[in-house]
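These values consider heavy atoms only, across backbone and side chains, with no hydrogens, waters or symmetry-generated copies. A, B, ... follow the sequence lines: proteins, then strands. Residue 1 opens every chain.
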Amino acid sequence: MLHEAMIKLIKKIENISSNQSVGKPLFHLDYEIYKIDSSNFIQIEPSFPNRKTAFIDGGNIEILGSPGFSIQVNRIFLNIFQGKKRILPLNLPQKIEYLSATLATSKKNAIFYDTFIIPFNEKHQKFLPEDKDLSFDSFDQNLTQGGFRAHISHMSNVARRFSEWNIARLMCEKELEEGDIITLDGPLRTAYPNERKYAEKSLNAAYSNKIFFTGLAKASHLYTDTGLPLIQAVMEVSKQIEYPLWFIPIAEGRGIAHEAKIYVTKLHPQAQIPFRFELYNKQLKNLSSTEEIEIFSNLVNNSKDISFPGYPYGLIDADHQSRVRFKEIEYYQRMLLTLISQNPKLDKIVNQAIITSQAHDILNQIIK
Amino acid sequence: MQVKGQIVNGCFAQIEIRQKSHENLEIGDLLIAEEHDGYVILQVYDLKYESQISTQSREMMAGIKLEGYGKNLDVYEPELRNYIIAYTKAILNVRIEDKKPIPYIPKTLPSFFNTIRLITAEDLKFLTKPKNPLYMGKVRSGSKIISLDVWLEGKEVLTHHLLISATTGRGKTNLMKVLLWSILSNLDIGMLVLDPHDEYYGRNSIGLKDHPDASNNIVFYSPNPIPGKLNCKSLIFNIKLLNPSHLTEIENFTDAQMDALYSYHKSYPKDWIRHIMEDPPLPGTKEGTLGVIRRKFKNSLSIELDASGKLNARGRIFKAGVTGESTVSDILTDLQNGKTVIIDTSLLPEKLELLIGGLISQRILNQYRRYKMKGELDSKPTISIVIEEAPRVLSSDVLSRRDNIYGTIAKEGRKFKIGLIAITQLISVIPHVILANMNTKIILGNVMENERSALINSASQDLSQDHRTIASLDKGEAIITSNFTKFAIPVKFPFFDTFGEEEIAYHKKINPNVKEEILM
């Protein structure tokens with residue numbers, strides 16, 4: 001019975017997917033769309049530009065949580081590379097770590113999530129967003145999924161994103177020089193309430209200092225209008241391309257929520273997948289096509305690490321250094337619980353709160 | 001200070017150090033972690049590859065390169081992502097007290113994340129030269145020689161017995177020659193060397209005979225003595241020196257035969273063998289028994305009756321009449337004068353060699369027992385007996401059949417200032433009760449795991465992590481584990497020929513007017 005069910009399933013998938021042509025990139029309003037066509041692919045010529053590229057990535061993990069609160073450890077890491085050579089920053093710390101705590105509060109007859117941030121090193125406070133920007137309605141449509149209230153543990157991701165914008169701004173103001181590049185992990189689209197404020201400052205700083213502001217996404221959830229994943233569509237068309245390194249423009253955002261030109265790019269002949277790449281579109285106005293190619297060429301020079309061909313080593317390194325690992329949870333948890341236990345009133349509240357969210361764990365223990 | 005690495009993890013028995021890129025830590029390396037009140041000495045016992053890249057990714061990366069897909073691909077920052085972890089243990093904690101380094105057995109961990117450097121001679125200046133120095137080579141860190149000599153207190157080490165263990169070809173004989181050379185001038189220590197391969201005197205090459213004090217301090221006994229050399233004597237013993245217990249070393253006798261031997265020995269204490277050979281049977285002894293005994297004596301001692309029915313000792317070693325009566329006494333006298341007596345048994349069958357060794361050793365022990373009884377022991381020199389291929393006399397098999405003088409000396413000799421230097425390839429066959437009495441062990445390279453285990457289990461320091469270290473010892477490299485050292489010292493013994501020549505040259509330099517003496 002199972003066997004037959006699986007055969008049916010496979011047949012149905014085959015019917016649907018084999019009818020999917022490449023199509024056009026699917027975006028909602030406020031985007032100029034480009035065709036996914038072999039004529040739009042642009043070859044990246046190998047060159048040896050001297051631009052420095054800064055990469056920023058962050059990670060966070062919950063160490064204590066319940067429906068009423070979420071306490072997390074957050075870590076942001078930045079690095080600078082010139083080709084494959086690491087350059088140490090002179091004015092900014094490479095690693096910034098902080099605790100975030102999000103509490104559910106009642107405001108205006110609604111449940112709000114209020115997050116506050118405390119850095120490990122108090123001198124790093126200036127790199128982090130303001131607490132007042134981290135208060136959100138739990139039913140804010142930019143945060144909810146499927147009409148359900150946003151999960152409280154997700155708020156730290158928002159705070160971390162704001163931190164990355166902030167640090168990117170400071171990199172543009174204090175570390176990088178004209179012609180250099182800064183690359184965030186992820187697209188340049190602003191999705192969260194108040195995020196625009198941080199993005200704008202960051203992009204303006206890049207623009208005034210003539211530093212190219214970019215973002216590279218490991219994964220893409222974009223589609224074409226035939227239902228095909230965008231990256232898959234591009235890979236299909238790229239089979240007609242003879243040169244090994246390329247980029248193709250996909251779309252350009254016209255609204256303030258996404259001030260970027262979106263590309264897909266292959267940065268190494270042996271890259272198994274191309275990646276979505278974005279460039280702050282205001283900077284395109286004065287950019288020649290040669291300079292545009294040079295930005296990609298610069299990335300190519302940093303994307304030859306054998307562990308992940310085609311993905312910039314700066315992002316591999318930033319990801320590795322910013323990750324907060326599961327095995328760290330116990331250390332932070334113990335310290336926190338020990339300190340909480342010294343406050344009997346708070347200890348009781350916290351323990352009760354934790355118990356209310358443990359039904360799943362109890363079920364797991366019952367079932368072998 | 002050149003940093004070689006940094007402590008990153010571990011526990012007391014396994015302190016893990018990340019090696020700095022382009023450095024090459026070795027198994028056996030001695031490292032220093034500076035502390036606020038002194039420093040900790042660590043020793044490397046294992047090395048491991050580590051990486052920030054997962055195993056699967058690394059294997060894939062290697063595959064890409066191997067199969068030719070690796071053009072335009074590199075490992076970025078390899079020195080950060082791939083590195084070596086050295087597993088180390090703390091072997092000594094040195095505290096500076098009143099500006100002096102005082103060593104202690106470690107009981108704490110060095111500071112976490114401390115950087116480490118290689119050891120220098122200065123770090124070991126607490127190793128001093130004792131009153132009766134026994135040379136043990138130079139300190140070694142991995143394969144590197146540190147210019148610092150290691151000396152142990154000779155009298156203590158030798159009376160508490162010394163075991164030298166190694167597989168063939170790792171330098172046991174070379175080591176022994178260096179050791180003997182270093183002690184030769186010390187007249188408070190007499191050395192009896194049972195030499196089954198004629199290696200120590202230096203018949204045809206540089207040897208102990210070339211020591212500047214050889215003319216006064218060496219006596220060489222051989223069935224084939226070198227003509228014209230002073231202190232070179234024929235190895236001859238009179239059969240009167242033998243008693244029935246000696247003969248059981250070389251022949252198997254039945255109970256009836258043993259009874260006969262003891263009967264004759266009791267009746268004729270001084271010349272019993274001649275009477276066994278020449279006389280009719282004593283009452284209670286059968287003719288047939290006597291006949292068998294005479295045949296055995298003929299085979300093992302090369303004695304028989306001549307045409308006139310008189311005893312004729314036709315062999316090279318055992319004589320009748322008065323020849324060789326004083327040999328054992330002479331040897332004992334020389335040893336008590338602090339000399340080195342070498343007995344060349346290379347031309348003798350093994351049983352005879354063991355008989356002679358037992359004969360002399362028994363006399364030494366008996367004499368020193370008398371000294372102790374009379375309260376004269378303290379004024380007598382220490383005597384040490386060197387026995388090669390020690391399992392012949394010290395293995396469980398041999399000792400379970402019948403105890404022998406070497407087993408007795410191993411267990412009790414210390415009380416009488418008599419020690420053993422046992423040289424062996426196989427230590428696992430020596431019973432633990434004997435090994436436990438051998439308080440200093442010099443461990444040379446040993447490839448056999450069970451032998452290494454036996455050494456480690458009987459060592460004076462914790463060598464439980466050192467299987468690999470011992471297996472990787474090269475020729476001349478050794479580990480000294482002793483009750484008289486604070487830690488198991490890794491050393492390198494010099495090649496004897498070079499060592500001897502340097503010593504001779506040095507002696508000539510400081511004594512230019514002394515004529516080169518020839519042992520004529």
Legend entry - Heavy-atom neighbours of A:K95 NZ exceed 12 at 6.0 Å: yes
Inset, instruction - Specify which of B:L73, B:N72, B:I64 makes the most heavy-atom pairs with chain A at under 4.5 Å. - result: B:L73
Legend entry - Pairwise side-chain contact, B:Y76 with A:D317, heavy-atom cut-off 4.5 Å (strictly under): no
Inset, instruction - Take B:V75 and A:K304 through the test side-chain contact (heavy atoms from CB on, under 4.5 Å) and record every step on the way to the result. - result: CA-CA 8 Å; B:V75 179; A:K304 294 178 186 172; over 6 Å; no
Legend entry - Donor-acceptor contact present, side-chain A:Q270 to main-chain B:G70, <3.5 Å: no
Legend entry - Donor + acceptor pair across side chains of B:R58, A:S307 (<3.5 Å): no
Legend entry - chain B contact via A:F308 - which portion, at a heavy-atom distance below 4.5 Å: neither
Legend entry - Neighbour count >12 (heavy atoms, 6.0 Å) for atom CD, B:E97: yes
Legend entry - Side chain / backbone / both / neither for B:M61 at chain A, heavy atoms under 4.5 Å: both
Inset, instruction - Kindly check if the number of other-residue, nucleotide or ligand heavy atoms within 6.0 Å of NZ (B:K138) is above 12? - result: yes
Inset, instruction - Decide if atom OH of A:Y331 counts as having more than 12 heavy atoms of other residues, nucleotides or ligands within a radius under 6.0 Å. - result: no
Inset, instruction - For B:K475, look at atom NZ and say whether over 12 heavy atoms of other residues, nucleotides or ligands are found less than 6.0 Å away. - result: no
Inset, instruction - Measure across B:E77 and A:Y313 and return the closest heavy-atom pair with its distance rounded to 0.1 Å. - result: OE1-OH, 2.7 Å
Inset, instruction - Taking atom CE of B:M448 as the centre, report whether more than 12 heavy atoms of other residues, nucleotides or ligands fall under 6.0 Å from it. - result: yes
